[in-house]
Each structure stands twice: as structure tokens, then as C-alpha cells.
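To keep things clear, I will list the structure first and then write my remarks on it.
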Amino acid sequence: MSAARPDSRTLFHTVLDPGSFTSWDEPPRDPAPPGSGYGEELAAARAKSGYDESVVTGEGLLGGRRVAVMACEFSFLAGSIGVVAAGRLVRAVERATAEGLPLLASPASGGTRMQEGALAFVQMVKITAAVTAHRAAGLPYIVYLRHPTTGGVFASWGSLGHVTAAEPGALIGFLGPRVFESLNGYAFPTGVQVAENLFQHGLVDAVVSAQDARAIAIRALAVLCAPRDGTVRTAAEPPVVVERPVDVDAWEAINRSRRDDRPGVRTLLKLAATDVTPLNGTGVGENDPGLLLALARFGAVPAVVLGQDRRRQQAGRHLGPAGLRVARRGMRLAAELGLPLVTVVDTAGAALSKAAEEGGLAAEIARSLADLVMLDAPTVCLLLGEGAGGAALALLPADRVLAAQHGWLSPLSPEGASVILYRSVDFAEEIARAQGVRAADLAANGIVDRVIPELPDAAYEPEAFCRRVGRALEQELAGLLERPPADRLAARLERYRRLGDGEG
């Protein structure tokens, strides 16, 4: 077996710490009577492959962390899943859940074992149920798709990962191309069912070798398994802090926020976070380069990060409905795994196009607002730079809202507001000053809790500024983690219920 296409034992040796794998498997019960045609196939598969079934399960250490693992072995009847293989998988998943272990799964399968028919087919339901229960227990599930992964395996436990990577060049798809061609009389389009195309369409988070998959899993688990309590001791209610070492007016702040050399969300993660694991797309066939989704740690505190990437939006794509669906994937991830959520607002506005309207942009903004307001996870919003329109509002609701000193928030860009009021962009500067869009004004109105100073401008001190932001995020997240979830949610709802009512 080549290094590029490792069998199960080689995969475990590559991904896990050396010598740490321990099998959980017991000798399988033959699903076919001895001497039958199927029985002879099983015996031949065992002799040829050196495996006793099409799946291997067990545990090992990953960067010193105990994890459960399960993988298909394609050399055994094309990695197909029958009743016995499914039972082995389910027992492994249930044991991982009972012992509170992260689970790493690596399918490489043609799907259901046809020799066992409908009974084998419905095994995918019970495997899916076991994986779903594992996730519902707040435990990480990481998937590494190998060549090939098709059929019911891909359509069940192969597509349920919190984080999903794929082997380079791997064939991954629902219906195998050979079956498609035989049934339809012509070949399936080339380049569709390959790992790299899935990545382009937001269906997998990375396309990497097994060695690199090890590194990704270690980083991801450093966040997904990080302690949620007692990480940093802060006051339960950090005071409202408005620091303005050098005051500038609204129009000057807006111009500073638009500088090409101003640090954005990617620079922030590079300089102020650790164990950063970028995720990719919605997981259901959409992507948006203007919305970054990642796992990261700020100091000792883990988080899911949703960040608007202004530079990539400027490169020709404003934030559209797909970007908000990527964001909502991050929200679900935070809620399911009990991780804090950080949203980073930095956008000149949402996409204005036929595709955005027909793709449900307004509805996605509404769903994002609804999900964030009710999210069962600690939330912090960082207003990093530009904050124009519904695209900015969609990521704003949070337990705590921080703003860079030159960050701002407005119903539209000042130029857009000027067009509405005066049918000309010429009054943008005056409107910006009148609307109370500056971070300091937002704090005075109770929209922002804490303003992070720029000395005098984030573009002049990117590293110091980003580290200042990182420390603030760590403090705020740690403080929220110390609060009971019910109290957090009640305070969040009350915060927005009383906003602007004049009652203080």
C-alpha cells in the first residue's frame, strides 16, 4: 500500500502517536454460513487483506490526548458495510461516548455490502444514530475521507463531522462513477467527485495527507477539548470601558477603517490567537470567501470564530447569503460543543445582486439574528472596522460587544444614507457625524460595551493592536464562561429588549 493511499493500520500509525494504538475489536461473527458463496468471499477477503472485517476500531493517543478511532479497510470487500461491520462501528462510537472521548473516523468504502441487501443498507441508520448521540453529548467527531468514499457510507457517518478533511485526489461521491456509467450509458462528468472539488464547494474543510490530517486534528482538538471553566479569572461583569486616547470624528474614523493596510480578521488570528484551524464552507455545498470560519484559542480560552474578511469582499464578492449560512454553521458548532462564539464585523455591506436576492439574503440575515440572540453559548462580537448595513447587523447580537476605536456601525454606508436622504453622495460626511456611528457613540448608546484603543491607528501598530484585542477577547470570554448559561441568555435578551428605551 503506498504512502499516498494508506491502509487502516498505516493510517493509525501515521495519525496517532507511535505505538499508542490499541484495538477494540473482537473476532467477528460470520454473517454467512460456511461453504456458501458469500462465506467463501469473506474467507478469501480475510486471507488476501490480512483484516478480519472491513472496519477497524480502537483507541490511541493523538498529541498525548486519548482519542477513539475507527476506519474502513478498502482491501476487505471494498470497505463495504454489512451487519457485522456496522455493529463493530456502533460499539466503538458508543464506547467513545460513554468514556467521553473525541472520535476520529476515516471512511474508505464503496458503501453498503450488496451481499447482505436491505438489512445491511439500513445499518447506516443505526451508525448515524450512534454518531448523532455522540455529538449530542458535546463530544468532537472528526472525519478524514479517504479514497474512495461513496454510497451510504458517505451519505451517513462520512458526512457528519464537526471538522472534515479529505485525502488528496480521493474519489468522494454518492454514486460511484462505474455504477453511474453502467446504469446510464455514459460517463459521469470528470472532476466532480474528487476531494479538491468538494473543497471548492464548501463540502470539506481541508484536502491534506494523513500526516497533515494528524496536525489538523491535534490543533482542532486543542480547541474542541479545551477546558471551559477556570481558564482565566476575571470579574463576572467586566465594567464598561471607553478608552479614547486620541479622539477623532466619525468621518475620520470611517476613513481609517477603510485603509488597505488596516489589520483584518486573518491578521488578528495570526497575531492574537493560537491553535487556529480554518473551516471551509457550509458543509452542504456553499462557500463564501468573505466569511472566515475557524476554531481558535485566545489565551487559554477556546472559541469558534466567525469573521468578515473585508479584503476578500473587496476582491469582487460582497457578503452574500452563502456567507451567512457559513456563519450559521459556526453558530451550530458552538452550541453543540459548548464553545464560546466570537463574531468579527468588518464589512462594507452585503451583496446587492439578483443572485443574492434570489438566494434569500434578507431571510439569512433574519435567521442569523434569531440564531445569535437565542444561541446557547457565550457570545462576543468584535466590531473591528467597517460595519455597514444588514451584513454587519447579522453578526452583532452578543452577550458582550467590543469595538475597535475606529470601528463603526451604520444602517448603510454613509454614502448610501446620503443617497436616500439627499439623492446624492455629497452629504456622506455630515450624515456620518449625525448618525452616531463611531465606537464611542455606540458605547454611549449601550450598543458597545468596551472600546479598544488604537494608538493612534491600528494600521500603524498592527501587532500591538491585535494583541490588545486578543487579551480583551480572552478576558471577556472567560468572564462569560463563569456565568450560568440561563443567566447569560436572560441578560442577553434583556440587553436587547431595553436597548434605546430610555430607561438606562
Side-chain angles (χ1 to χ4, degrees), residues 1-17 20-21 51 54-63 65-76 78-79 81 85 89 92-93 96 101-111 127-128 131 134-135 139-173 193-199 202-225 277-281 283 295 333:
M1 183 68 63
S2 70
R5 300 282 187 237
D7 67 353
S8 297
R9 295 189 187 104
T10 303
L11 178 73
F12 290 156
H13 176 76
T14 302
V15 172
L16 298 174
D17 297 354
S20 67
F21 174 72
Y51 289 84
S54 64
V55 296
V56 181
T57 72
E59 66 172 88
L61 299 177
L62 182 64
R65 186 188 307 280
R66 186 176 172 226
V67 297
V69 292
M70 60 187 197
C72 290
E73 178 46 52
F74 194 79
S75 67
F76 189 102
I81 304 300
L89 290 173
V93 177
L101 298 178
L103 178 58
L104 278 61
S106 186
S109 173
I127 300 170
T128 299
V131 170
H134 182 81
R135 290 178 48 135
L139 295 167
Y141 180 57
I142 296 178
V143 174
Y144 182 54
L145 300 168
R146 287 150 57 226
H147 174 79
T149 300
T150 62
V153 170
F154 183 45
S156 58
W157 56 284
S159 293
L160 294 175
H162 291 115
V163 180
T164 302
E167 192 176 55
L171 168 65
I172 302 170
Q193 294 176 313
V194 294
E196 289 78 3
N197 190 51
L198 268 61
F199 178 80
L203 289 163
V204 299
D205 296 308
V207 178
V208 293
S209 67
Q211 184 62 51
D212 289 339
R214 167 183 164 83
I216 287 175
I218 289 173
R219 281 200 308 272
L221 291 179
V223 177
L224 299 177
C225 297
T277 302
L279 305 180
N280 177 58
L295 305 173
L333 187 65

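The analysis underlying the following values was restricted to heavy atoms, covering all of them including side chains, and did not include hydrogens, waters or symmetry mates.
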His13 NE2: over 12 foreign heavy atoms closer than 6.0 Å | no
Would you give the length of the straight line joining atom [atom1] of [X] to atom [atom2] of [Y], rounded to the nearest 0.5 angstrom?
{"X": "Trp157", "Y": "Ser109", "atom1": "CH2", "atom2": "OG", "value": "7.0 Å"}
{"X": "Asp17", "Y": "Leu62", "atom1": "CG", "atom2": "CG", "value": "6.5 Å"}
{"X": "Phe154", "Y": "Ile172", "atom1": "CZ", "atom2": "CD1", "value": "6.0 Å"}
{"X": "Leu333", "Y": "Arg135", "atom1": "CG", "atom2": "CZ", "value": "7.5 Å"}
{"X": "Leu104", "Y": "Leu11", "atom1": "CG", "atom2": "CG", "value": "9.0 Å"}
{"X": "Phe199", "Y": "Asp205", "atom1": "CZ", "atom2": "CG", "value": "8.0 Å"}

Taking only residues two or more places apart in sequence or in another chain, which ones pass side chain to side chain contact (heavy atoms under 4.5 Å, CB included) with Thr277?
-> Ile216, Arg219, Ala220, Leu279, Leu295
Would you call Arg146 and Asp7 a salt bridge, taking side-chain N to carboxylate O under 4.0 Å as the test?
-> no
How about Ser106 and Glu167: do any of their side-chain heavy atoms sit closer than 4.5 Å?
-> no
With Phe21, which residues qualify under ring-ring contact (aromatic ring centres under 6.0 Å, His included), at least two apart?
-> Phe12
Where do [X] and [Y] come nearest, in terms of heavy atoms and distance?
{"X": "Val153", "Y": "Pro107", "result": "CG1-CB, 3.6 Å"}
{"X": "Ser8", "Y": "Val56", "result": "CB-CG2, 4.1 Å"}
{"X": "Ala96", "Y": "Leu139", "result": "O-CD1, 4.1 Å"}
{"X": "Arg214", "Y": "Leu16", "result": "NH1-C, 3.5 Å"}
{"X": "Arg65", "Y": "Pro102", "result": "CD-CG, 4.3 Å"}
{"X": "Ala165", "Y": "Val208", "result": "CB-CG2, 4.1 Å"}

How would you list, by chain and number, every residue that makes a side chain to side chain donor-acceptor pair (under 3.5 Å) with Arg66, sequence neighbours excluded?
-> Glu59, Glu99
Would you say His162's side chain and Tyr141's backbone share a donor-acceptor pair under 3.5 angstrom?
-> yes
side-chain contact (heavy atoms from CB on, under 4.5 Å) assessment of Cys72 paired with Ile81 = CA-CA 9 Å; Cys72 290; Ile81 304 300; 4.2 Å; yes
Could you go step by step and tell me if Met70 and Val93 meet the side-chain contact (heavy atoms from CB on, under 4.5 Å) rule?
-> CA-CA 8 Å; Met70 60 187 197; Val93 177; 3.7 Å; yes
